[in-house]
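Just below is one structure, and these are the notes that go with it.
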Amino acid sequence: MRTRLLLVLCAAALAATVVPAAAARQAWYSYGAFAWKAPIEGGTGTQTARLTQILLPSSFKVKTRGSQTSDSGTYLAFGPVGSCRSTGSVRLGLLYSEAQSAADVLADVLPATTTSYGYGTRGDAAWRIVKSASATLRGAYVRPATARLAHVWVVVRVGTTPHGTCHAGGYRESVAFPLADALATVKASAY
C-alpha cells in the first residue's frame, strides 16, 4: 500500500512539472500592422506607421482587422484566452509629445497603477504592461519616430478585457506575462 501511494505521489509530482514545461514550449508567431494615414494624436497631420513585428503565442488566436488602405489602418485582435476568455487588441498609433524620453511618454500613455506585469527598455524604446480597472490589462511600447518627425512617437497599445470569472494567477500566467514578453519583441517605425 505504501509503495502504491508513493508511486501515485511521484506521478502527480511529475505531471505538475511536465505541464508548465509544455506550456512554455507553445508556438509564437510574428504579426504586423500598417497604418497608411495614422493621425498624430495631440498634434496635426498624418503619417505612415508600421508595426513590423510583434510575437504572440498561438493560444491568443490572433486575427488582423481593418484595411491597410484606409486611414485607420489595421490592428490585431486576439482571444478568447485562458479561463477568463479574455479578448484584446494590439493597435498602432502616433503621438505628439515634447517629452524627452520614451519612458516619459510611456508614463503619460498608461494609467497610474502599482501592479505591473513587466517592463523594459531596448535602445530608444520602452514598454510596460499594467493592471488597469478590475482585471483589464493595458500596455504600451513607445519609441521615437524618425528624426524628420520631431516630437512624434510611435506607440503600440495593448488592451485586454476578461469575459469570465478568472483566477488571478491564471490570468497573470495566460495573458499578462505573455503580453509583457510580446511587447519586448516589438519592432515599429513611422515615416
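Keep in mind it's a predicted model, so treat the numbers as computed, not measured.
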key: Interatomic spacing from CZ in F78 to OG1 in T87 - rounded to 0.5 Å   = 7.5 Å

ask   = W36 versus T46: any side-chain heavy-atom pair under 4.5 Å?
value = no

N/O donor-acceptor pair under 3.5 Å between Q100 side chain and E98 backbone = yes

note = On a heavy-atom basis, the closest approach of L94 and A190 is CD2-CB, 3.5 Å

ask   = What heavy-atom pair brings A35 and L92 nearest, and what distance separates the two atoms?
value = N-CD2, 4.2 Å

message = For T121, give me all partners under side chain to side chain contact (heavy atoms under 4.5 Å, CB included), at least two apart in sequence or on another chain.
response = A126

query = Taking all non-hydrogen atoms of both residues, which atom of P80 and which atom of K61 are closest, and how far apart?
reply = O-NZ, 3.3 Å

query = If you group Ile, Leu, Val, Met, Phe, Trp and Tyr by side-chain heavy-atom gaps below 4.5 Å, do W153 and I40 land in one group?
reply = no

ask   = Can you list every pair that meets salt bridge (Lys or Arg N to Asp or Glu O under 4.0 Å) and has a residue in residues 156-166, with sequence neighbours left out?
value = E41-R157

key: Within one Ile-Leu-Val-Met-Phe-Trp-Tyr cluster: V81 and L179, side-chain cutoff 4.5 Å   = yes

message = Taking NZ in K63 as the centre, count heavy atoms belonging to other residues, nucleotides or ligands within less than 6.0 Å. Is the count above 12?
response = no

query = Considering the options D104, L106, V154, L95, which one meets the side-chain contact (heavy atoms from CB on, under 4.5 Å) requirement together with V142?
reply = L106

inquiry  = Quick check: is L183 connected to V155 through a chain of hydrophobic side chains (ILVMFWY, heavy atoms under 4.5 Å apart)?
reply    = no

remark   = Looking only at heavy atoms, the pair that brings R138 and G159 closest together is NH1-CA, 3.3 Å

note = For D124 and A102, the nearest pair of non-hydrogen atoms, with its separation, is O-CB, 3.4 Å

inquiry  = Starting from V105, can I reach V186 by hopping between I/L/V/M/F/W/Y residues whose side chains sit under 4.5 Å apart?
reply    = no

key: Residue that, paired with R128, satisfies side-chain contact (heavy atoms from CB on, under 4.5 Å) out of Y117, Y119, Y141   = Y119

task = May I ask you to establish whether R65 and Y75 are in a cation-pi arrangement, using a distance under 6.0 Å from NZ or CZ to the six-membered ring centre and at most 45° from the ring axis?
result = no

ask   = Is the side chain of T64 donor-acceptor paired with the backbone N or O of L76 at a distance under 3.5 Å, no angle test?
value = no

key: Minimum-distance pair of heavy atoms, taken over all atoms of V175 and S86   = CG2-CB, 4.2 Å

query = Is Y29 close to V62 at the side-chain level, that is, under 4.5 Å between some pair of heavy atoms?
reply = no

inquiry  = Tell me whether T161 contacts the main-chain N or O of T136 through its side chain, where contact means a donor paired with an acceptor under 3.5 Å.
reply    = no

message = Which residues pass the side chain to side chain contact (heavy atoms under 4.5 Å, CB included) test with P57, not counting sequence neighbours?
response = Q26, W28, S59, F60, P178

query = What do you reckon, is CZ of R85 surrounded by more than 12 foreign heavy atoms closer than 6.0 Å?
reply = no

message = I'd like to check F177 versus I129 (side-chain heavy atoms, cut-off strictly below 4.5 Å). Are they in contact?
response = no

inquiry  = Quick check: is V152 connected to V109 through a chain of hydrophobic side chains (ILVMFWY, heavy atoms under 4.5 Å apart)?
reply    = no

